[in-house]
Amino acid sequence: MNGVVIGGTRSGVGKTVATLAVIRALEAAGHTVQPAKAGPDFIDPSHHTAIVGSARGSDGSRNHDRERVSRTLDAWLEGIEGLRRNYARGDGDICVVEGVMGLYDGDRSSTAMVAETLDLPVVLVVDASAGMESVAATAVGFERYAAHAGRDIEVAGIIAQRAHGGRHERGIKEALPDDLTYFGRIPPEPDLEIPDRHLGLHMGDEAPIDPATLDEVAAGVRTDRLLDIAREPPTVDPGDPGLAREKRVAVARDEAFRFVYPATMERLRARSEVVTFAPAAGDDVPPADGIYLPGGYPELHAATIADGPVLATLRDRAAEGVPILGECGGMMALAESLMTVDGDTHEMAGVLPAEIEMCDRYQALDHVELSARESTLTANANGSLRGHEFHYSDATVGADARFAFDVERGKGIDGEHDGLTEHRTLGTYAHVHPESTAFDRFVDAL
Ligand SMILES: NC(=O)CC[C@H](N)C(=O)O
């Protein structure tokens, strides 16, 4: 699958909207697009997933008929081979990879590292709202910096963000040197703003950009030029399809539990039967050999979750020794209590000895590395596990708390440990990527 990387000069330059416009433009031209996101974030990919597959070809037909979930590409979490495998499992004739932060930012997995690992060309999104020739100068700087940074990447050209048509656009195009291609512009347009909340933008299904507006914007993207530069990464075996599906895993999936890497679902589905349930809609946990509670926003649905049947069932299953994994928001539901920013305290499942309190700012936001202390559910061949933490909540743990991990980098639950464990239940602030193999261990432990 050919691909391109949409990199930015900085965070907040408009990469997500540019990426959505590129996806939409390529689909309108008849292509089947696999979206992807550099870095561990769950939110931007939800916007890709919400928009992909919704464009219609010029004959009015849909280009494909199934949901195409945006893939997470992180060189540090997945490793070089893992990242290439994850890419290779994508589905489409072209992959559009949205970068993270500025092109070179991030010492463990920058957009530039992802582009280099996959040998994909970079299209740079440059803010053109207050510049013309300077837009070109910025692009030249980003191109030249690759050699200085020792990154073997090609900055192929730019998308001008917040650029008007006519004189403004002409000025930018004329200023670009021959080796930088103009791939189009995104107009200054207030309807393209995606609303924020704690942890980032609203999710794609909650705050969709009006598709008609996006289509107008997509008309400014030069798909012919993008297709010219798109190329294929080094080939890699996409990995084994998995074992027999003897076991059943129940996965919470709703507005409260929504931070799930597609690779995680694939890994679970390849090795077990997956049933989903929606605690925020009042669902109970279906019968299963193991339970996975991903992160999300349980604090926004705490009263509904507390009133429903799910917490009592989690408590019973945990005591029966059913393996349960809760990541961040999932761990919060397994804790004793959850206090929201309004000061309301809700009782949670009470499996793990922690009281959770929502704060009004980030308590952690970074990659994490954990080493296993005692656990059947975790750790790869090196005894370490890589993940990502981002949350506003803080946990106060009881003196009797038992932890599965020491924190090698990051914050974990108390600054030194992560992975509260009781019975065969594990709660982490880390979101683990399946390429760091925790999920194989989890499924094996069923
Ligand atoms: N990453 C998550 O699952 C976040 C959980 C919760 N919304 C918090 O901010 O703490």
Side-chain angles (χ1 to χ4, degrees), residues 2-19 21-22 36-39 41 44 73-76 80 83-84 87 94-164 167-186 220-234:
N2 282 337
V4 290
V5 172
I6 311 294
T9 52
R10 58 174 168 86
S11 283
V13 71
K15 290 185 298 291
T16 303
V17 168
T19 302
V22 165
K37 168 82 186 177
D41 172 44
D44 291 351
L73 303 173
D74 185 295
W76 193 77
I80 289 174
L83 190 142
R84 289 180 179 162
Y87 183 100
I94 182 157
C95 181
V96 178
V97 183
E98 178 182 343
V100 54
M101 301 183 282
L103 180 58
Y104 296 102
D105 299 321
D107 52 357
R108 286 170 306 284
S109 180
S110 64
T111 307
M113 282 183 220
V114 170
E116 184 180 67
T117 304
L118 296 172
D119 188 28
L120 298 182
V122 176
V123 174
L124 191 69
V125 179
V126 187
D127 184 1
S129 57
M132 227 154 51
E133 277 197 69
S134 300
V135 171
T138 304
V140 170
F142 272 78
E143 186 200 23
R144 278 196 53 194
Y145 190 77
H148 176 75
R151 290 277 156 232
D152 186 12
I153 57 168
E154 178 203 356
V155 176
I158 67 156
I159 288 178
Q161 203 13 309
R162 301 176 195 91
H164 293 279
R167 204 177 79 82
H168 191 192
E169 182 177 41
R170 265 199 315 281
I172 295 167
K173 277 200 257 189
E174 282 165 14
L176 280 174
D178 288 347
D179 60 345
L180 288 174
T181 302
Y182 181 72
F183 291 103
R185 75 180 172 98
I186 309 293
V221 174
R222 297 295 308 257
T223 48
D224 51 341
R225 295 181 185 169
L226 283 171
L227 293 164
D228 270 357
I229 60 149
R231 57 178 183 253
E232 255 193 85

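Within the 3.5 Å criterion, the main-chain N or O of E116 finds no donor-acceptor partner in the side chain of R151. Distance alone, capped at 3.5 Å, is enough to place a donor-acceptor pair between the T111 side chain and the V100 backbone. Judged purely by atom type and a 3.5 angstrom limit, S110 uses its side chain to pair as donor or acceptor with the backbone of M113. Remark: side-chain polar atoms of K37 are paired, donor with acceptor, to backbone N or O of G99 under 3.5 angstrom. Using a distance-only test at 3.5 Å, with no hydrogens or angles considered, no donor-acceptor pair links the side chain of H164 to the main chain of S129. Checking side-chain atoms of R185 against main-chain N and O of G220 turns up no donor-acceptor pair under 3.5 Å.
The closest side-chain heavy-atom distance from V4 to F183 is not below 4.5 Å. R84 places a side-chain heavy atom less than 4.5 Å from the side chain of P234. Looking only at side-chain heavy atoms (C-beta outward), V96 and L226 stay at 4.5 Å or farther from each other.
A distance of 11.0 Å separates CD1 of I229 from CG of D224, quoted to the nearest 0.5 Å. To the nearest 0.5 Å, atom CD of residue E232 and atom CG of residue L118 are 11.5 Å apart. To the nearest 0.5 Å, atom CD1 of residue I159 and atom CD1 of residue I6 are 4.5 Å apart. To the nearest 0.5 Å, atom CD1 of residue I153 and atom CD of residue E143 are 9.5 Å apart.
For A18 against V125, the heavy-atom pair with the smallest separation is CB-CG2, 3.8 Å. The shortest non-hydrogen separation linking I158 to V123 is C-CG1, 4.1 Å. In terms of heavy-atom proximity, I172 sits nearest to A160 at CD1-CB, 4.0 Å. Shown here for V135 and D127, the closest heavy-atom pair between the two residues is CG2-O, 4.0 Å. For the pair L83 and T117, the tightest heavy-atom approach, listed with the atom from each and the gap, is CD2-CG2, 3.9 Å. Taking all atoms of both residues into account, the shortest heavy-atom contact from G7 to V122 is N-CG1, 4.1 Å.
Note on ring orientation: taking the six-membered ring where Trp is involved, the planes of Y145 and Y104 are perpendicular (angle over 60°, cut-offs 30° and 60°).
Across L103, T138, D105, a single residue satisfies side chain to side chain contact (heavy atoms under 4.5 Å, CB included) together with T9, and that is T138.
Annotation for R144: atom CZ does not count as buried by contact number, only 12 or fewer foreign heavy atoms lying within 6.0 Å.
With respect to the salt-bridge test (charged N to carboxylate O, under 4.0 angstrom), the residues K15 and E98 do not qualify.
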Show your working on side chain to side chain contact (heavy atoms under 4.5 Å, CB included) between R170 and E174 and close with a plain yes or no. CA-CA 6 Å; R170 265 199 315 281; E174 282 165 14; 4.2 Å; yes
